[in-house]
Amino acid sequence: MKGLEVDLSSNAVLHQMRRDQVTDICRANNVSSRKRRMLTPNDLKHLVVDEFHEMIYCYVPKVACTNWKRVMMVLTGRGKYSDPMEIPANIAHVSSNLKTLNQYSIPEINHRLKNFMKFLFVREPFERLVSAYRNKFTQKYNTSFHKRYGTKIIRRQRKNATQEALHNGSDVKFEEFVAYLIDPHTQREEPFNEHWQTVFSLCHPCHIHYDLIGKYETLEEDSNYVLQLAGVGNYLKFPTFPKSTRTTDEMTAEFFQNISSEHQTQLYEVYKLDYLMFNYSTPAYLKLE
């Protein structure tokens, strides 16, 4: 038992430091938690609610969110599932399989935000971005993304695009994707898609006080700590499996080689709060202006 206690207390200190970091950056950037009433139910659609264990998970795409949704389905499924990995990925992403906070009344929302354990998982921002790009724009099967975003990106960012490229949108270059993200027109037109939206905008960490901030880099330890605190650690472990295709720091550095320092600087500005809040250092490979 002693080992477990030590483990829990060192984890507690770690998570306190992570929480303090978020609070400090929110304060320094003048985004205070007193503005919670500024949140609308629409801002809460990424917060998955587990009534039975009284927890709320804000999912961030490209940060193990498929596996966390699977785990949440086991936790909220009243015995329907016991092993997260028996749930196919496409089923985990069917929105009706999980309840989100925006489906509750305002008093119910406030009660849950105040009393439930709230957690999220974060990842190095540019690694997450490259992961999203690789998944959505370089895989043949993602035709809905090619049509919805690829065609628009090519139309705006590629001079002399072929008719085929304009029609299919299936060969977006990373440089074009970056140019699209930093284009002021993009931000004015509609919010970023959730796969490249900032954690700051998806999970509202300055307005919602998360009890636990897990990191992709320590996914297994942090996830099992969450499950332990939820009281289910003895029968539910976070699924682990080696991902050979996973986006790494080296890979991310390669993608950024072809991005001009001007564009790198503008892109860093977009994700700067995520870098600061979650204590990620500015990547060494960047050539910022």
Side-chain angles (χ1 to χ4, degrees), residues 42 45-46 59-66 89-90 93 122-203 216 243-276 280 282-289:
N42 199 37
K45 52 181 189 283
H46 273 250
Y59 72 90
V60 178
K62 307 313 300 173
V63 193
C65 90
T66 307
N90 58 322
H93 292 297
V122 299
R123 183 177 186 177
E124 203 283 333
F126 283 173
E127 198 180 287
R128 178 178 162 240
L129 189 66
V130 168
S131 175
Y133 167 77
R134 288 178 64 216
N135 179 242
K136 299 303 172 199
F137 295 108
T138 70
Q139 306 284 353
K140 293 279 175 279
Y141 61 83
N142 264 320
T143 48
S144 62
F145 265 81
H146 303 160
K147 280 267 187 272
R148 168 92 172 78
Y149 294 100
T151 53
K152 186 186 293 186
I153 292 171
I154 290 170
R155 192 171 69 240
R156 285 205 201 140
Q157 307 301 338
R158 188 179 301 178
K159 291 185 175 63
N160 313 323
T162 64
Q163 282 309 112
E164 190 190 10
L166 289 166
H167 178 70
N168 294 331
S170 58
D171 64 338
V172 170
K173 295 183 177 63
F174 186 64
E175 297 88 290
E176 295 169 330
F177 179 51
V178 169
Y180 161 80
L181 292 173
I182 58 180
D183 182 348
H185 185 86
T186 303
Q187 306 249 14
R188 276 199 304 271
E189 178 182 56
E190 59 182 348
F192 276 2
N193 176 277
E194 59 173 30
H195 291 83
W196 47 87
Q197 180 58 285
T198 61
V199 177
F200 176 74
S201 301
L202 289 176
C203 296
Y216 191 73
K243 280 200 85 172
S244 50
T245 58
R246 161 185 128 78
T247 304
T248 61
D249 185 56
E250 295 74 46
M251 232 181 257
T252 305
E254 268 175 58
F255 275 90
F256 273 86
Q257 276 179 339
N258 305 330
I259 308 294
S260 69
S261 61
E262 183 190 3
H263 279 191
Q264 287 186 6
T265 306
Q266 289 172 288
L267 191 67
Y268 182 76
E269 277 305 310
V270 174
Y271 292 93
K272 190 175 179 175
L273 278 177
D274 280 8
Y275 270 101
L276 297 174
Y280 286 108
T282 310
Y285 55 76
L286 290 186
K287 316 177 282 283
L288 298 180
E289 298 194 325

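When a residue number appears, it is its place in the shown sequence, counting from 1.
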> Provide the closest heavy-atom pair for I154 versus A161 in the form atom of the first, atom of the second, distance.
CG2-CB, 3.7 Å
> Just by modelled atom types, is the V199 backbone N or O under 3.5 Å from a matching donor or acceptor in the D274 side chain?
yes
> Considering only NZ, NE, NH1 and NH2 on the basic side and carboxylate oxygens on the acidic side, decide whether K45 and E194 come within less than 4.0 Å.
no
> Could you check whether any side-chain N or O of T247 sits under 3.5 Å from a backbone N or O of V130, counting only pairs where one atom can act as donor and the other as acceptor?
no
> N142 vs N135, test: side-chain contact (heavy atoms from CB on, under 4.5 Å). Steps then yes/no.
CA-CA 8 Å; N142 264 320; N135 179 242; 4.2 Å; yes
> Could you go through the side-chain contact (heavy atoms from CB on, under 4.5 Å) check for R128 and Y216 one step at a time?
CA-CA 10 Å; R128 178 178 162 240; Y216 191 73; over 6 Å; no
> My understanding is that only one of Y271, Y275, Y280 makes a side-chain hydrogen bond (donor to acceptor under 3.5 Å, both in side chains) with E124; could you say which?
Y275
> Are Y285 and T252 side-chain neighbours, meaning at least one heavy-atom pair lies under 4.5 Å?
yes
> Check whether any side-chain heavy atom of F256 lies under 4.5 Å from a side-chain heavy atom of L267, and answer yes or no.
yes
> Can you tell me how far CZ of R246 sits from CZ of R134, rounded to the nearest 0.5 angstrom?
10.5 Å
> Once rounded to the nearest 0.5 Å, what's the spacing between atom CD of Q187 and atom CD1 of I182?
10.0 Å
> Is any side-chain heavy atom of F192 closer than 4.5 Å to a side-chain heavy atom of T186?
yes
> Is there a donor-acceptor pair under 3.5 Å between the side chain of R123 and the backbone N or O of K62?
yes
> Is the distance between the ring centroids of F174 and F137 under 6.0 Å?
no
> Can you find a heavy atom in the side chain of K272 that is under 4.5 Å from one in the side chain of P125?
no
> Tell me the salt bridge (charged side-chain N to carboxylate O under 4.0 Å, His left out) pairs involving residues 173-184, sequence neighbours left out?
R158-E176
> Evaluate whether atom CD of E190 has more than 12 neighbouring non-hydrogen atoms of other residues, nucleotides or ligands under 6.0 angstrom away.
yes
> As an exercise, state the distance from CG of L166 to CZ of R155, rounded to the nearest 0.5 Å.
8.0 Å
> I want to check something: taking the side chain as every heavy atom from C-beta on, are S260 and K287 in contact at a cut-off of under 4.5 Å?
no
> Heavy-atom count around K152 NZ within 6.0 Å, excluding the residue itself: above 12?
yes
> I'd like to check I259 versus L286 (side-chain heavy atoms, cut-off strictly below 4.5 Å). Are they in contact?
no
> If I take atom OG1 from residue T143 and atom NZ from residue K140, how far apart are they, to the nearest 0.5 angstrom?
11.5 Å
> H146 versus N168: any side-chain heavy-atom pair under 4.5 Å?
no
> Compare all side-chain heavy atoms of H46 with those of P61 and state whether any distance is below 4.5 angstrom.
yes
> If I compare all heavy atoms of T66 with all of A89, which pair ends up nearest, and what's the gap?
CG2-CB, 3.8 Å
> Would you please test L129 and L181 for side-chain contact (heavy atoms from CB on, under 4.5 Å) and show each step?
CA-CA 11 Å; L129 189 66; L181 292 173; 3.7 Å; yes
> Evaluate L288 against Q264 for side-chain contact (heavy atoms from CB on, under 4.5 Å), listing each step before the verdict.
CA-CA 6 Å; L288 298 180; Q264 287 186 6; 4.3 Å; yes
> Which residues pass the side-chain hydrogen bond (donor to acceptor under 3.5 Å, both in side chains) test with Y149, not counting sequence neighbours?
N193
> Looking at E189, I want to see if its CD is surrounded by more than 12 non-hydrogen atoms of other residues, nucleotides or ligands under 6.0 Å.
yes
> Could you grab the distance from atom CZ of F255 to atom OG of S131, nearest 0.5 Å is fine?
10.0 Å
